Enquirer: 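Pasting a structure here, questions to come.
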Protein chains: 2
Amino acid sequence: MSAEPLDRPIEDLVPELRAGRLSPVALVEAAFERIRLCDGRLQSFVHVSQSALDDARAAAREIGEGRWKGPLHGIPIAVKDNYLTCDMPTRAGTSVPDITFPQEDSNAVARLRAAGAILIGKTRLHEFAWGTVTPPTRNPWNLDRVPGGSSGGSGAAVMAGLASAALGSDTGGSIRIPASLCGTVGLKPTFGRIGRSGIVPHSWSLDHAGPLTRTVGDAALLLGALAGPDPGDPACPDRPVPDYTAALGQSLKGLRIGVCRNHFFGRNQTDVESAVETAIGDLAAAGATIRDFEIPNLEYGLGAIFAIELSSSTAYHDVSLRAGLAPGFAPDVRTLIEIGRLVTGPDYLKAEQFRRVLIDDFRTAFEEIDAIVTPATPLTAWAHDATTVEIAGGPESVLAASWRLTYPFNLTGMPAISVPCGFDREGMPIGLQIAAKAFDEAMVLRVAHAYEQSHDWRTRRPQL
Amino acid sequence: MSAEPLDRPIEDLVPELRAGRLSPVALVEAAFERIRLCDGRLQSFVHVSQSALDDARAAAREIGEGRWKGPLHGIPIAVKDNYLTCDMPTRAGTSVPDITFPQEDSNAVARLRAAGAILIGKTRLHEFAWGTVTPPTRNPWNLDRVPGGSSGGSGAAVMAGLASAALGSDTGGSIRIPASLCGTVGLKPTFGRIGRSGIVPHSWSLDHAGPLTRTVGDAALLLGALAGPDPGDPACPDRPVPDYTAALGQSLKGLRIGVCRNHFFGRNQTDVESAVETAIGDLAAAGATIRDFEIPNLEYGLGAIFAIELSSSTAYHDVSLRAGLAPGFAPDVRTLIEIGRLVTGPDYLKAEQFRRVLIDDFRTAFEEIDAIVTPATPLTAWAHDATTVEIAGGPESVLAASWRLTYPFNLTGMPAISVPCGFDREGMPIGLQIAAKAFDEAMVLRVAHAYEQSHDWRTRRPQL
């Protein structure tokens with residue numbers, strides 16, 4: 001059985017699956033075959049499902065009997081290992097044996113199953129989603145490079161065709177960073193759009209669930225299945241879910257696309273900055289009006305998100321710290337979780353007040369624009385052993401640089417996507433970030449899809 | 001001119017004012033005369049208005065010309081000195097000269113003025129509303145006793161008839177505690193019911209504005225004028241304001257009154273506990289059904305509110321601390337503001353999580369009850385020099401004891417009132433606290449009014 005269907009987007013597989021020309025069993029077998037062939041080098045999966053083939057056979061029966069559940073029916077999907085699953089263990093990237101998690105389905109996983117998707121395994125994450133490296137997972141484009149993180153396993157698995165799509169989670173950029181570095185699409189919807197019950201928490205007020213996919217259309221399909229009320233997540237209201245595929249294929253004519261000239265530009269790798277400027281020109285050529293603007297208070301954003309993220313994460317892990325389990329954490333994660341104790345309550349509150357200022361600043365900006373376009377990351381995938389990178393003439397820590405352009409949309413809760421927009425001189429993918437107003441995922445998808453249609457970077461594929 | 005009208009509730013004055021039989025000028029002159037006679041001993045005012053008599057003359061003209069603004073037109077009202085006022089300075093109880101406040105009207109003050117009220121002066125508070133003593137203000141019932149706090153000046157002024165009503169603010173009990181200790185009515189409405197823009201902040205997520213009045217009916221009149229949208233307070237939505245006077249005079253028949261037997265009972269002064277038990281019996285005799293219940297998690301409440309209050313207050317005062325102004329604060333307040341730095345961000349977040357549990361616990365309880373009745377304070381007014389009191393056989397700090405029964409309704413944001421329910425063996429007033437679901441102020445007023453009608457403790461008055 002050829003693995004070829006896993007290189008194709010879900011949108012293309014749907015008619016074949018529905019017509020019986022392609023079997024979910026063949027899809028899952030192809031995924032398992034690719035995992036066998038490649039994942040020894042990639043290390044993107046931490047667990048492969050024992051029941052996926054049975055699930056695929058059941059899906060094949062259902063489809064054959066005309067009980068079609070929709071566009072995800074029979075599609076092999078991987079799940080970041082911080083989503084609880086009833087049929088697979090969850091480790092959230094930690095090797096501390098005393099930290100265990102219930103074996104039950106998270107909201108998002110239950111929604112995928114209800115939509116007919118076949119969950120083929122759990123992907124690796126940076127421990128507790130607290131980092132952008134995801135060791136020891138490798139980047140499919142260059143095994144010496146990192147896949148990004150924290151959803152690095154999901155990014156690598158989707159890019160390498162080990163799954164048709166994967167779930168990620170995004171607290172400061174953890175979906176968009178691996179999407180940018182691996183060359184997939186990565187969508188972080190609005191805060192509260194996808195319910196997070198059953199995801200191991202990182203920072204309650206910053207955590208988002210979302211998909212990594214091969215195309216923008218696939219992101220729309222997954223969002224449609226994942227969005228909706230989650231009684232277990234107080235941040236997830238019962239708000240109507242539009243048909244996100246309706247946003248695809250619309251022209252950009254008349255749209256006002258904002259380019260935030262401070263913070264997001266002037267401190268990116270040369271190839272990243274020029275690829276994004278080219279993309280902005282392409283959007284203008286496609287009919288959009290480009291408007292430069294500034295969000296001056298963004299310079300205080302890093303301090304604010306660190307105060308919130310450290311406080312929240314340490315509040316969650318405090319029970320483990322008190323139990324003396326810290327030495328079992330990876331050194332980088334242990335440091336972050338321990339220094340969270342040093343953030344004061346007053347500092348936490350000042351960070352929350354700054355967040356409100358930032359939300360208001362962006363709201364004002366959106367009176368004049370419909371979407372924002374930025375680089376997704378200021379750098380492409382870096383070497384596994386790099387801790388600092390040279391950007392715009394000066395050294396910067398990879399941790400600081402990697403999420404510099406993504407975290408503003410976690411602080412503000414606005415939807416944002418990363419779509420491929422080319423490759424740097426070393427052949428590593430570059431990500432274009434597109435954001436919109438809260439709950440305007442349709443706008444994000446519309447702009448991203450229009451861009452993708454004219455620049456299909458998927459014709460280039462990693463050699464594994 | 002006799003001061004007698006200031007001993008009568010606003011409800012009784014309204015027809016006389018409207019008919020021209022009583023003049024706003026006479027009312028303000030009576031208030032000023034009482035202030036001159038008594039406030040040297042009480043020390044409830046920190047500033048007396050220079051423009052109130054002009055305002056009263058204007059009100060008299062308006063009423064004479066038939067331009068009646070409603071039941072507060074021409075009524076002399078005092079304002080706690082943490083509400084900004086355009087015609088009087090604001091000090092928020094501090095004597096630090098480098099801390100200054102704008103001279104402009106707060107939302108609540110502007111609303112009172114729009115309703116025709118005459119603002120006669122600013123009342124003393126515990127510095128920055130951070131305490132329950134309000135030195136050097138004295139209790140009108142016994143000058144050796146404290147008036148409670150932090151709105152101690154408002155409680156003393158209303159009880160002594162120096163104003164028809166007064167504004168207070170309540171972060172952990174600062175309206176209801178002086179109401180209980182001085183024998184007035186004190187209403188803390190639902191979080192967000194009265195906009196707080198222009199009140200010097202103490203703790204954003206716990207601060208409430210509200211009135212101290214002579215009667216429950218007067219509290220309904222003031223709430224009607226004060227409630228409504230405040231664009232300057234993000235916590236204050238544009239939500240319809242009912243006619244709160246409609247709740248008055250309704251029978252208690254069929255109402256289910258809950259008595260929370262843990263936390264609120266078993267650790268009160270004997271006279272307080274027996275007065276409240278008698279009041280519960282009276283409510284039952286008036287037709288209400290009494291239901292005992294428990295809120296087990298309340299034992300963790302004090303730690304939670306302290307973490308939130310200390311963090312928020314220190315975040316606000318941090319600029320003063322950094323400027324080296326701490327030595328100018330009162331020692332007790334300085335300690336609280338400085339130790340706020342020691343609350344960690346993770347502890348703050350755990351406190352917020354506990355708050356959510358408590359809100360859910362109360363929401364569940366309210367499926368079986370319509371209102372909650374408790375003592376307002378476990379003790380009556382204590383001596384000025386007391387730092388600990390004997391309660392139920394053991395010593396307790398007055399600070400800890402004074403707000404023990406009020407703060408749960410700040411953490412949960414539910415409306416609560418203190419109404420007089422008798423006197424202890426030393427002649428000091430006892431307060432009955434009545435609470436209801438969020439935005440059900442009508443229920444609070446209904447139960448309090450029904451109780452008040454059958455037990456008018458106002459026939460007894462302090463001798464000054």
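Computed from a predicted structure; not experimentally measured. All chains are named by letter (A, B, ...) in the order of the sequence lines, taking the proteins before the strands, and each is independently numbered beginning at 1.
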Enquirer: Starting at OG of Ser312(A), measure out to CD of Gln353(B) and round the result to the nearest 0.5 Å.
Expert: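 These two atoms lie 8.5 Å from each other.
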Enquirer: Shortest non-hydrogen contact from Lys350(B) to Ala315(A)?
Expert: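 Shortest heavy-atom contact: CE-O, 4.0 Å.
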Enquirer: Below 4.5 Å, heavy-atom pairs only: which of Leu349(B), Thr314(B), Asp318(B) has the largest tally toward chain A?
Expert: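 With the most close heavy-atom pairs to chain A, the winner is Leu349(B).
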Enquirer: What distance separates Ser311(B) OG from Glu352(A) CD, expressed to the nearest 0.5 Å?
Expert: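 Between atom OG of Ser311(B) and atom CD of Glu352(A) there are 12.0 Å.
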